[in-house]
Structure formats: structure tokens, C-alpha cells
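Have a look at the structure below, then the notes.
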Amino acid sequence: EQQEKWVPRAVNMEIIGTYAQTELGHGTFLRGLETTATYDPNTEEFVLNSPTLTAYKWWPGGLAHTANHCVVVAQLHSKGVNHGVHPFIVQIRDEDTHMPLPGVKVGEIGPKLSFSTANNGFLGFDNFRVPRDSMLMKNAQVLKDGTYVKSRLSKLTYGTMVFIRVMIVTDMAYYLSVGATIAIRYSAVRHQSKPKENEPEPQILDYVTQQHKLFIALASSHAFRVTGQWLWTTFVRVNKALTSGNADTLPELHAVACCLKAVTTRDAASMVEACRMSCGGHGYMTSSYLPILYGITTAACTYEGENTVLLLQTARSLVKAWQKGSKGKPLSPTEAYLMDKSPVPKWENTLDGIIAGFRRVSAGKVQDCVSKIDKLVKMGTSYEDAWNQTSVRLVAASEAHSRAVILATFRAEVSRAAAALSPPLARVLHQLVHLYTVYWALERVGDLLLYTSIAERDVQELQQQYEDLLQKIRPNTVGLVDAFDLRDEILNSTLGAYDGRVYERLMEEALKSPLNAEPVNQSFHKYLKPFMQGKL
Ligand SMILES: CCCCCCCCCCCCCC(=O)SCCNC(=O)CCNC(=O)[C@H](O)C(C)(C)COP(=O)(O)OP(=O)(O)OC[C@H]1O[C@@H](n2cnc3c(N)ncnc32)[C@H](O)[C@@H]1OP(=O)(O)O
Ligand SMILES: Cc1cc2nc3c(=O)[nH]c(=O)nc-3n(C[C@H](O)[C@H](O)[C@H](O)COP(=O)(O)OP(=O)(O)OC[C@H]3O[C@@H](n4cnc5c(N)ncnc54)[C@H](O)[C@@H]3O)c2cc1C
């Protein structure tokens, strides 16, 4: 009945909430969170407290001035025992006056790289009492007398984070579609330089280096949208199993959500930055929206699980899978390829050949990690230290695994959908799959040379395939970004507007600057003039 109590009020916006988990002192290590929730059986209440400065919640979006409730993650104490972190729904502001309630200290954390509208806040409790039913009791419970009833699976507390990580993959597809639309439309409008003296300045979109910078962002948007849909379907299936008490598929979902969130956010941030730089000086204008878009995508590399930490979570799963598989036990579908012990096949410069190559790279890296860890442990190093000393390789193995998942999913889903598409559209989408796959083969050619039978002539041929694909995709580029159908109001960009009136829009925006309100700014009279007269 807790959902009946809280959900309708949240849906109709009586409750405006946020997720208050991260503290000044801990964001990654959840078992180290310091906020306490101590059960008082005499009053059937929890007493929330921030015992130290580092216990203050810090970062939750909307916490500073918007939220009047929040989900607080705190160490649950009852009958003198600490049962670990649990979620509590807590009202922090009066619903009429919006004043912080007594015992609640809340405020804004200050300027950030971007997300300037998110009023991320801090929150401290001074022995703040909440009723027993504030504890979200879907998984674990505390009875009236303070008896703690354990969840059947402690990690279910972490379920919110899996959900958001799943959603973030699709978010990155969207942000890349915005960045690609702005940069490609601008590149179609911008003319620059004179490679041929007797011809007009060409569109910068005709420079192959510009195509190299931008087409991968376009292709990645589709790759991440398709992968995000696959991941969501997987999430729904796992959650259905969880509701019937079967948690067998949760570890695989956690592992694949971690590495896909990490890889898609890092790619999105770096590709949006490439979109910005491909627009020259005008890409550095806030009015282009690209700097803001970079701020949004790079934040995703940190929030909802810092990328390195998440890649190491996946690596933990890959190492365990390797050890399980080596004992002949069955592996999860996404990790089953790790046990492919067949001899390394002759390299093929085909999509299937490249996907198989990435699986070989991932399996080879995982095997190398397991060998290094085993060797260190045999020499007397603790497992934890051996893990840490191998962690750079573990992250690389995780990335290779993630790339293999994306490549295979993108190819499979487009091939499946192609049958229902017009031949011209199917052809263009296949070109994007091909470009994405060959791009990453070239980006990771060192790994392929180490773990597959790819030869120098294959690499030369892949480079030529890549350059041919840039040429094939060029005529459809503007059509492909128009197909994202992003309205000008959403793009919010002087460079990406549908009508292509870039220069007029740049000047219109510039004239809105408060510094253009008067021909001589008062700073001249206050600082420059006295300085020039030697009076400062
Ligand atoms: C509407 C949608 C909107 C989309 C987004 C919009 C923008 C959003 C705007 C901004 C929003 C930003 C909002 C925010 O930023 S909210 C704050 C986000 N914060 C985090 O993500 C914290 C990250 N840290 C952790 O998750 C944990 O501390 C980790 C995992 C690192 C270690 O933790 P711990 O030390 O306790 O665990 P362990 O490593 O010993 O592993 C122990 C076992 O547990 C398993 N395990 C671990 N985790 C999970 C899991 N989750 N599901 C299932 N299983 C899990 C694990 O596989 C292992 O299994 P085994 O190997 O023992 O079998
Ligand atoms: C824009 C934004 C919005 C946010 N919104 C929210 C929100 O709404 N609610 C909320 O609760 N939180 C929110 N956060 C906080 C976010 O979840 C944390 O910042 C994130 O979990 C990382 O934790 P941290 O900041 O403590 O970094 P740390 O974990 O301290 O990371 C610092 C460095 O230490 C490394 N490191 C840490 N642990 C390990 C390890 N075990 N192995 C190897 N390296 C390690 C990391 O890789 C990283 O390089 C937000 C953050 C941002 C930037």
C-alpha cells in the first residue's frame, strides 16, 4: 500500500521528488554512506541523522529548491544492529510554504560545468523523525517492534540504478542525434577555403576529414538507439522474472547495463565534443547548443555510476564467467562466447568477421586478466591487490565486451528490420551499420592484430572500405539528420536550425547580449578610463 500512498501524489505533482543517495564523502561506495536511519520502537519512527559533514547528501538533482520530498538512502539501524543501506521516502519541505522542515538543512551546491538548470542540492538531517512507513518496504521490512525482515536479495536495493543505466543508453542515442543534426546541417551551410582556385568555396561537409568526424556520431546514434531498445527489452524480461522471485538473470542484466552505460556515455561525450570542434569558432558559441550538449553528455560519464567503476563491475562478471565456463558450467547468453575454444579462424573483412573478431579480443583480454590475477595470487599477492594491479586490463576487457555486444545487436536488429523497409532505406541503414563496424575495427586494430588473424592487407582493405563508405553516405547525410525530425525549438541551436539561416541567427542572438544594450559600457567609466588616466 506504500505505492498507493505515494505514487498518485507523485504523478499529480503534489510530491516533487529526487533521489538522495550520493553524499559529500561517498558516491560510488554505497556501503560507505554515512546518513543513518535509526528505528525507535517507542514511537514507531525512524530518526534520520547526518553525523558528519561528509554525510550530507550532495548532488541530487532538483534537491536545492524544487523537491519537497526525496528518496533518501541511509544506513538502517534497528535494535542496535546496522542492516546496511535502505531507501526511505522523506518529506523535506512544507507542502504549502515550501519551507524546509525543522531538522532539515537544504541548499544549492553551486555552479557546475553544465546542467545549470538542475539546482543540484545538499541535504543534512539533525535527528529528523519520520514515520515507520517512510522506509520503502518492497524488499526488506522493519516491523513495529523493530524486527528487521531481510530482503530475499540484498542487491534489489540497487535496482533503481539498473533502470536508469538502461535508460541512459537510449538517452545517449538522442543526444548524439542532436549533436549530429547541428553539426551536419551547419557543415552543409558553411563554405570554407579554396582547394580549387577556379571553383567556389566548397561546403565543409565535402571535406573527408569532416565526414570522418561526423558520420560516426550519426551512426552511433542509431547503434545506441537499437542497443537501448534491446537492453530495455532485456530489463523488462528480468524484472518480470524478479517479480515472480527468480533473480537468476539479474547479474547478467547488471553487468551488461554497466558496460553499455559506460561505453555509450563516453562515446557520446567524445563524439559531441568532435561535433563541437567540427564547427570551428561558431561551435564554441553557447547559442550553437553544442557546449551545453557536451556538458550534458559528459555528466553522464559520472552520474548513475562512474564509468570506470561500472566497467570494473562488468569485468567482475566476465572474470567470474570465465572461471565458471572453465569448469564446464553454462554461461549467460551475452557471455557465452567467452568459452569459444575453437582455433582462431582466418580473418574475414566482413561484418560477421569483425564482430567475431571483437569477441575474440574480449575473450582474449579476459583470459589474460584471469592469468595475471592467478599468477599474482600464486606469488602471494592478495586477490584484492591482484585485481587492482590488473584493473587497467580489466577495464579494456569490459570495453571490448561492450563493443562486441553493440556491434552484434546493431547488425542483427537492422538486418531483422530491413526486410520490412524500402530497399533504398535498408541500403542506407546497412551502410551505417557497415560504417560503425569498420570504424571500430580501425579504432581497435591493435587489439585485432593481437587476438585475431587479421593481416596488414586486411587493415589496408578496411581503411579503403571505410573511405568508400564515407563517400556513399555523403549524399544522404542531410536527409539522415532531417529524419531525426528534431524541431528547431528542441535543437535550440543557431547552427542547426532547419532553415540554415546560420549567420542571421548568430547575429540575432549576439544582439540579445546585455553587453550590447549600450554603446559604451559602464565598465569604461569605472575601470578603463581611470586606468588609462593613471588613476587606478
Ligand atoms: C526516466 C529515465 C531518465 C534517464 C536518465 C535521465 C538523466 C538522469 C540525471 C542524473 C541522474 C543521476 C542520479 C545518480 O547519479 S544516482 C546515484 C548513482 N550512484 C551509483 O550508481 C553508485 C555506484 N555504485 C554502486 O553501484 C555500488 O557501490 C558498486 C556496485 C560499485 C559496489 O557496490 P558493493 O560494494 O555493494 O558491491 P560489490 O561490487 O561488492 O558487488 C557485490 C555483488 O552485487 C552485485 N551488484 C552490484 N550492484 C548491483 C546492481 N545494481 N544490481 C544487481 N547486482 C548488483 C555485484 O555484481 C556483485 O555480485 P557478485 O559478483 O558478488 O555475485
Ligand atoms: C550532473 C550530476 C547529477 C547527479 N545527480 C545525482 C542524483 O540525482 N542523485 C544522487 O544520488 N547522485 C547524483 N550524482 C552523483 C553521482 O552519482 C556521483 O558523482 C557518482 O556516483 C560518482 O561518485 P563520486 O562523485 O563519489 O566519485 P568517486 O567514486 O569518488 O570517483 C572518483 C574517482 O575514483 C575512482 N574510483 C572510485 N571507486 C573506485 C574503484 N572501486 N575502483 C577504481 N576506481 C575507483 C573513479 O573511477 C573516479 O575516477 C550526480 C552527479 C552529477 C555529476
Side-chain angles (χ1 to χ4, degrees), residues 17-33 35 54 56-64 66-67 70-74 84-85 87 109 112-123 139 151 153-175 228 232 235 238-239 242 247-259 261-262 264-266 269 295-321 323-324 384 387-392 394-395 398:
T18 186
Y19 184 67
Q21 172 175 287
T22 301
E23 293 173 354
L24 205 47
H26 288 93
T28 287
F29 185 55
L30 299 186
R31 287 183 285 142
L33 292 175
T35 302
T54 47
Y56 270 58
K57 294 302 176 183
W58 188 280
W59 270 114
L63 177 61
T66 309
C70 53
V71 171
V72 175
V73 179
V85 290
I109 64 171
K112 309 175 290 287
L113 188 153
S114 187
F115 265 121
S116 49
T117 56
N119 78 99
N120 300 81
F122 64 76
L123 168 67
N139 298 319
S151 157
L153 183 70
S154 67
K155 287 308 170 202
L156 290 176
T157 311
Y158 292 178
T160 328
M161 293 177 277
V162 179
F163 166 69
I164 297 289
R165 290 167 191 157
V166 167
M167 299 299 286
I168 286 171
V169 174
T170 303
D171 270 15
M172 292 307 117
Y174 167 72
Y175 293 132
W232 173 251
F235 174 82
V238 170
N239 267 279
L242 277 175
D248 297 348
T249 51
L250 179 60
E252 179 189 32
L253 173 66
H254 168 57
V256 79
C258 281
C259 66
K261 180 269 181 191
T264 56
T265 53
R266 191 221 32 218
I296 292 172
T297 48
T298 194
C301 296
T302 302
Y303 67 55
E304 214 56 55
E306 197 280 328
N307 279 358
T308 305
V309 168
L310 295 188
L311 286 167
L312 288 170
Q313 280 291 300
T314 304
R316 178 182 173 129
S317 173
L318 294 170
V319 165
K320 284 179 65 176
Q323 290 159 345
K324 255 174 79 175
E384 291 75 14
W387 177 269
N388 189 28
Q389 287 173 38
T390 312
S391 54
V392 172
L394 288 162
V395 165
S398 222

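Both counts, for ligands and for their atoms, begin at 1 and track the order of listing.
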Quickly, which of M161, R165, M172 forms a side-chain contact (heavy atoms from CB on, under 4.5 Å) with K261? Name it, please.
R165

Given that the side chain starts at C-beta and the backbone is N, CA, C, O, which of these parts of L312 lies under 4.0 Å from ligand 2, counting heavy atoms, or is it both or neither?
side chain

Counting heavy atoms only, which of M161, E304, Q313 comes nearest to atom 15 (O) of ligand 1?
E304

Starting at CD of Q389, measure out to CG of L394 and round the result to the nearest 0.5 Å.
11.5 Å

Any N or O on R31 sitting closer than 3.5 Å to an N or O of ligand 1?
yes

Heavy atom of K112, distance to ligand 2 below 4.0 Å:
no

Proximal ligand 2 atoms for E304, defined as those under 4.0 Å from one of its heavy atoms
17 (O)

Should the proximity of N120 to ligand 2, defined as any heavy atom under 4.0 Å, be assigned to the side chain, the backbone, both, or neither?
side chain

Are F29 and V309 close enough that some pair of their side-chain heavy atoms sits under 4.5 Å apart?
no

Of the side chain and backbone of L310, name the one, both, or neither that has a heavy atom under 4.0 Å from an atom of ligand 1.
neither

Quick check: does F163 get an N/O under 3.5 Å from an N/O on ligand 1?
no

Using distance alone, decide if ligand 2 has a nitrogen or oxygen within less than 3.5 Å of any nitrogen or oxygen in A20.
no

I need the atoms of ligand 2 closer than 4.0 Å to a non-hydrogen atom of G27, numbered in the order shown.
21 (O), 23 (O), 24 (P), 26 (O)

Under 3.5 Å, N or O to N or O, is T28 touching ligand 1 that way?
yes

Going by the closest heavy atom to atom 2 (C) of ligand 1, which one wins out of Q21, M167, H254?
M167

If we only count N/O pairs under 3.5 Å, is K320 in contact with ligand 1?
yes

Within reach of ligand 2, part of F115 (heavy-atom separation under 4.0 Å):
side chain

Sub-3.5 Å N/O-N/O distance, T28 and ligand 2
yes

What class does the angle between the rings of F122 and Y56 fall in, given that below 30° is parallel, 30 to 60° is tilted and above 60° is perpendicular?
tilted

